[in-house]
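What follows is a single structure, written as C-alpha cells, with notes after it.
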Amino acid sequence: MEYKRLADVYSKLESTTLKLEKTDIVARFLETVEKDELEMVVLLITGRVYPGWSSQELGMSSGLMAKAISKAYGINSKEIEDEWRKLGDLGLVTERYSSKKSQSRIFIKMLTVQKVFDNMRKISGMEGMKSQDRKLDLVSELLSSVSNPLEARYIARTVIGDLRIGVAEGLLRDAIASAFFANVFWKETLEQKVNGDIRLKVMSRSVTGKKIVVDEKLATVLEKKYGEDYDMLKSGNDVVVRQIKKISDDELLKKEPGIDYIFFHDVSIGNETKSRIVSSVEHAFSMTNDFSLVALAAKDGGFTALAKLKMNANHPLKVMLYQKALTIDDAFGIVGKPAAIEYKYDGFRLQVHRTDDTIKLFTRRLEDVTKQFPDVVSVVRENVKARSFILDCEVIGIDMKTGKWLPFQKISRRIKRKYDIDQTVREIPVIINFFDAMMADGKSLIDVPFSERRKHIESVVSEGDGIKVARHIITDDVEKVNDFYKESLSKGNEGIMMKNLSAPYKPGSRVGYGIKIKPTMDNLDLVIVGADYGEGKRVGWLSSFHLACYDSDSGEYLTIGKMGTGIKEKSEEGTSFGELTELLKPYITEEKGKTVAIKPAVVIEVAFEEIQKSTKYSSGFALRFPRLVRLREDRMPEDASTVDEISMVYGAQRGRG
DNA sequence: AGTGCCTGCCC
DNA sequence: ATTCTGC
DNA sequence: GCAGAATGGGCAGGCACT
C-alpha cells in the first residue's frame with residue numbers, strides 16, 4: 001500500500017472532531033486493508049510500530065526530529081525553533097520544508113507503508129556509537145522519498161510518537177467493531193437527520209452492493225412510511241427480510257461472509273446487539289493489549305476468534321484506573337454505601353503474574369520490571385499460596401533506618417534500573433500491598449464483585465515482611481472514613497481509595513468504581529518569570545509558565561518549577577491562555593525558540609500535591625502536580641510566597657515532620 | 001572521565 | 001500525575 | 001461520564017561532546 005493512502009486517512013481524521021465520523025473513517029479504511037498488511041496498518045494508525053506491551057522503543061522524539069529536519073532540508077536549528085513555535089508542531093514544520101522542496105522532486109517509486117514501517121523498526125533497533133546519526137539517515141531517507149508534503153507531516157509525527165489525529169484506544173475499538181461486524185441500525189437511527197435528510201434516504205442513495213438484513217416488523221413500517229427510499233435501497237443491495245426477535249446466531253453478524261448492515265425495529269435490541277459487538281472487541285483487547293491481533297481475529301474469525309483471545313498469566317493486563325473526588329460524601333455518592341476504604345500508598349503500581357513456575361512483574365504501562373525486583377519475586381513465591389494468578393498491588397519503599405515508608409521519589413530509583421540492582425535491593429527494601437485480583441488458578445476474576453476478589457487475596461496471601469494485603473475497612477459511616485483517612489495520612493500515605501464493593505475489574509478504564517481522595521495543601525502565590533509557547537491545540541499561546549517564589553533576604557525571585565494545567569482554553573470559563581498571554585506579553589524581555597523570559601509582574605495562585613526537594617530549580621524546591629487556581633491581580637510580585645515559608649511547609653508535610 | 005541533553009516512563 | 005473540552 | 005490532548009517533577013540510561 002502506498003503511504004500516501006495512509007496519510008490521506010490521517011488527514012481526514014485530523015479534519016473532524018466528531019467521534020462517530022472518525023470511527024467511520026477508520027472503519028471504512030480498515031475494511032479495505034488486506035490481511036497481510038492489517039497488523040502493520042493497525043499499529044501505524046495508533047502511531048506505533050510495536051504494540052503497547054512491547055519494550056521496543058524508537059529512542060527518538062522531538063529533539064532528534066528537529067535535527068532530522070535540519071539534516072534532511074539543510075535548515076539551521078534556529079529557524080526550525082522559530083517555525084516550531086509558530087506552527088506548534090514539528091509535523092507541520094517538516095511538511096512546510098518538504099513542500100518548499102517539492103518542485104525539484106523526481107519520483108522514482110512511491111513511498112510505501114511497508115517502507116515507512118521497516119525504517120521505523122530499524123530505528124528502534126539501533127544503538128551504540130553514531131546510532132543517532134544513523135537514525136537521522138533513516139528518517140531523511142523517508143522524507144526524501146515522499147510524493148506529497150502531507151506524508152512528511154505524518155512521518156515526523158510518527159517519529160515523535162504523537163500523531164494528533166484524535167484516535168486512541170476507545171475509537172479504534174469502535175472502528176474495528178464497525179469494520180468487521182455488521183453495522184447496526186434501528187428505527188430511530190434510520191430516521192435520524194444526517195446532512196439534512198433522514199439516514200435511510202442518505203443510505204438509499206449511497207449504499208450499494210451490500211447485504212442488508214431487515215427486521216420484519218421494521219420492513220412493514222419502512223414500506224409504509226418511506227416506500228420510495230426503501231425500494232431504492234432494495235434495488236441496489238441484497239436486502240433480506242427476517243423475523244428477528246433477537247439475533248441468536250452471532251456469526252451472522254460478522255462481515256465477509258455475512259451481513260454488512262442489520263436493521264432492527266426496537267431500540268433495545270439494536271443497542272444490545274451493538275454493545276455485544278463492541279464488548280467482544282473490547283474484551284479481546286483487554287486480554288491482549290494488541291489491536292493488531294484483535295483486528296486480525298475479528299476479520300478472520302469474528303466472535304469465535306475474538307473469544308479465543310483469553311487472559312493469560314505472563315501477558316500483562318491493562319490496569320483499572322480510578323477517579324478523583326474532593327469529599328468523602330461525594331465519593332460515597334459515586335461508589336455507593338457501604339464501600340471498601342483503602343490506604344492510597346505513595347508508591348507505584350505493580351501487576352504480579354504467576355504461572356506454575358514463572359513470576360513476572362509489570363508496571364502500570366505494562367513494562368516488564370521482573371529483573372528490577374528480585375526481592376518481590378521471592379517474597380511472592382514464598383507467600384502467595386496459589387499456582388497461577390494475576391494480582392494488583394502498590395509497592396512502597398521503606399527507610400532502612402527508621403522503618404518509615406519512603407516518598408515515591410526514593411523508590412522510583414529502582415524502577416528503571418539496569419545496573420547495581422542487588423545493591424538497591426538492599427538499600428531500598430519494599431513492601432507490596434495487594435489490593436485486587438484479576439486471575440486465580442487460571443480463571444478470570446474480572447467479572448466477579450470486588451468484595452469477592454478482595455476475599456480471594458486474603459485467602460491466598462500470607463502476610464509477612466515485605467508482603468501485605470492493603471489495609472482496608474468496609475463502612476458506610478463518614479466519620480469512620482474520616483478517622484481512617486487521618487490514620488492513612490499520618491503514615492505518610494497520599495490519602496485513601498474508596499471502592500464499590502460489587503464492581504467488576506475494568507481493565508484500562510477510569511470508571512467510577514473506585515475513587516481516590518487526597519488532602520489539599522494551602523495554595524501558593526507565585527510569580528511568573530518565564531513561559532513556553534504551546535503545541536497542538538495551544539499553538540500561539542503561552543502554555544507553560546515558569547514560576548518563582550520571593551526571597552525576602554536578597555529581594556530575588558527563585559524558581560520553583562513550571563505549570564501548564566488548570567488554565568482554560570475558553571476565556572468565558574475563567575483565566576485563559578489568551579488572557580495570560582496578553583497580560584504577560586508586555587513583560588517579555590527575551591525570546592529563544594519557544595521559551596520567553598518574563599519580568600516579574602504577574603502573580604498567580606497555584607495548587608499542588610506536595611513540595612519536593614529539587615536540584616533543578618534555584619529555590620531548592622519543586623512542586624508535585626502544580627496547577628493554576630486563579631490570577632492574583634491584587635498581589636505585587638513582592639507579595640508572593642517566600643522561600644522561607646515554602647521551606648516551613650516542606651518540613652511540615654504528611655508523615656515527614 | 002565528566003557533563004549535558006534527550007528519551008521514556010514512574011508518579 | 002491534573003485538568004479542560006468535545007461528544 | 002468518558003476519551004483524548006494539553007501539561008507538571010524526577011528518575012535511570014544512553015549518546016554526543018568536551
Side-chain angles (χ1 to χ4, degrees), chain A residues 16-23 55-67 88 126-135 160-174 321 323-324 334 345-350 363-367 369 372 394-395 407-421 424 494 506 508-512 516 518 532 534-539 541 543-547 560-570 573-574 576-577 606-617 621-629:
Chain A
T16 176
T17 59
L18 301 173
K19 284 181 185 171
L20 292 176
E21 196 174 326
K22 281 178 191 283
T23 307
S55 55
Q56 291 286 335
E57 294 158 3
L58 281 188
M60 229 184 145
S61 188
S62 44
L64 282 176
M65 188 59 222
K67 280 194 185 170
M126 260 171 196
E127 52 183 30
M129 274 245 284
K130 299 270 178 194
S131 59
Q132 293 191 343
D133 271 348
R134 284 177 288 137
K135 287 180 180 186
I160 295 165
D162 190 10
L163 237 28
R164 296 178 202 266
I165 54 174
V167 174
E169 282 170 16
L171 206 137
L172 186 54
R173 173 200 66 206
D174 292 352
L321 304 168
Q323 294 174 354
K324 197 180 159 179
I334 300 169
Y345 301 95
D346 188 16
F348 76 101
R349 192 92 176 252
L350 193 71
T363 65
R364 180 189 148 152
R365 285 182 48 180
L366 318 183
E367 298 292 316
V369 289
Q372 283 80 351
E394 187 79 11
V395 182
F408 169 76
Q409 245 175 301
K410 300 277 187 211
I411 199 186
S412 76
R413 294 188 46 213
R414 288 193 54 183
I415 300 171
K416 297 206 74 184
R417 186 160 287 277
K418 277 175 79 173
Y419 311 105
D420 303 323
I421 289 173
T424 45
E494 286 189 312
K506 281 269 179 204
S509 52
R510 193 182 295 279
V511 284
K516 50 189 168 182
K518 300 195 214 180
D532 298 311
E535 297 204 34
K537 60 182 178 176
R538 296 194 191 168
V539 65
W541 287 326
S543 169
S544 166
F545 302 89
H546 308 181
L547 306 175
I560 190 168
K562 299 199 276 187
M563 178 209 70
T565 189
I567 308 117
K568 303 281 197 269
E569 286 163 28
K570 299 188 293 183
E573 305 289 327
S576 64
F577 293 105
V606 177
F608 59 96
E609 297 297 314
E610 188 183 17
I611 296 170
Q612 303 169 311
K613 285 272 190 197
S614 170
T615 53
K616 193 168 150 185
Y617 294 108
F621 296 104
L623 304 178
R624 196 180 187 190
F625 313 140
R627 63 261 191 190
L628 179 76
V629 176

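Chain letters run A, B, ... following the sequence lines, proteins first, then strands; residues in each count from 1. Values below: all heavy atoms of this structure, side chains included; hydrogens, waters and symmetry mates excluded.
Residue contacts shown for A:Gly161 are absent, as no nucleic acid heavy atom lies under 4.0 Å away. Residue contacts for A:Lys22: at a heavy-atom cut-off of 4.0 Å it reaches no nucleic acid atom on any strand shown.
In this structure, CZ of A:Arg365 is placed 8 Å from C1' of B:dG8, rounded to the nearest angstrom. Rounded to an integer number of Å, the gap from CZ of A:Phe608 to C1' of D:dG9 is 14 Å. As a whole-Å value, the separation of A:Gln323 CD from D:dG1 P is 7 Å. Rounded to an integer number of Å, the gap from CZ of A:Arg624 to P of D:dT7 is 21 Å. Per the geometry, CG belonging to A:Asp162 stands 14 Å off C1' belonging to B:dT7, to the nearest Å. The CD-P distance, from A:Glu535 to D:dA5, rounds to 14 Å in whole Å. The CZ atom of A:Arg364 sits 18 Å away from the P atom of B:dG8 (whole-angstrom rounding). Note: CZ (A:Phe408) to C1' (C:dA1) measures 10 Å, nearest angstrom.
Nearest nucleotide to the A:Glu494 side chain, out of D:dG10, B:dC9, B:dC11: B:dC11.
A residue-by-residue look at A:Arg349 and A:Met65 shows that A:Met65 has its nearest nucleotide of DNA chain B further toward the 5' end. Position along DNA chain D of the nearest nucleotide to A:Ile165 versus A:Lys562 favours A:Ile165 as the more 5'-ward residue. Looking at which nucleotide of DNA chain D each of A:Leu172 and A:Gly564 is closest to, the 5′-most match is held by A:Leu172.
Taking the side chain as every heavy atom from C-beta outward, A:Val629 and A:Val606 never approach each other to under 4.5 Å. With contacts defined as side-chain heavy-atom distances shorter than 4.5 Å, the pair A:Lys518/A:Phe625 qualifies. Between A:Arg510 and A:Lys324 the shortest side-chain heavy-atom distance does not fall below 4.5 Å. A:Glu535 is listed as a side-chain neighbour of A:Arg164, based on a closest heavy-atom distance under 4.5 Å. A:Leu64 is listed as a side-chain neighbour of A:Lys67, based on a closest heavy-atom distance under 4.5 Å.
Of the side-chain N and O atoms in A:Thr363, one or more sit less than 4.0 angstrom from OP1 or OP2 of B:dC10.
With salt bridges taken as basic N to acidic carboxylate O contacts below 4.0 Å, none links A:Glu494 and A:Lys516. Between A:Glu394 and A:Arg364, none of the side-chain N atoms (NZ, or NE/NH1/NH2) sits under 4.0 Å from a carboxylate O, so this pair counts as no salt bridge.
One finds the CZ atom of A:Arg413 at 9.5 Å from the CG atom of A:Asp420 (value rounded to the nearest 0.5 Å). Rounded to the nearest 0.5 Å, atoms NZ (A:Lys22) and CD1 (A:Ile165) are 7.5 Å apart.
Taking atom C1' in both B:dG8 and C:dA1, the straight-line distance is 15 Å, to the nearest Å. Only the C1' atoms considered, B:dC9 is 16 Å distant from D:dT7, to the nearest whole Å.
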Exercise for review: Give the B/S/- string for nucleotides 2-7 of chain C, one per nucleotide from 5' to 3', where a protein heavy atom under 4.0 Å of the base yields B, of only the sugar-phosphate yields S, and otherwise -.
Suggested key: BBSSBS
Exercise for review: Starting at the 5' end of nucleotides 11-18 of chain D, put B wherever the base has a protein heavy atom under 4.0 Å, S where only the sugar-phosphate does, and a dash everywhere else.
Suggested key: SSSSSS--
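Listed by chain and residue number, A:Asp532 satisfy the side-chain hydrogen bond (donor to acceptor under 3.5 Å, both in side chains) test with A:Lys562 (two or more places apart in sequence, or in another chain).
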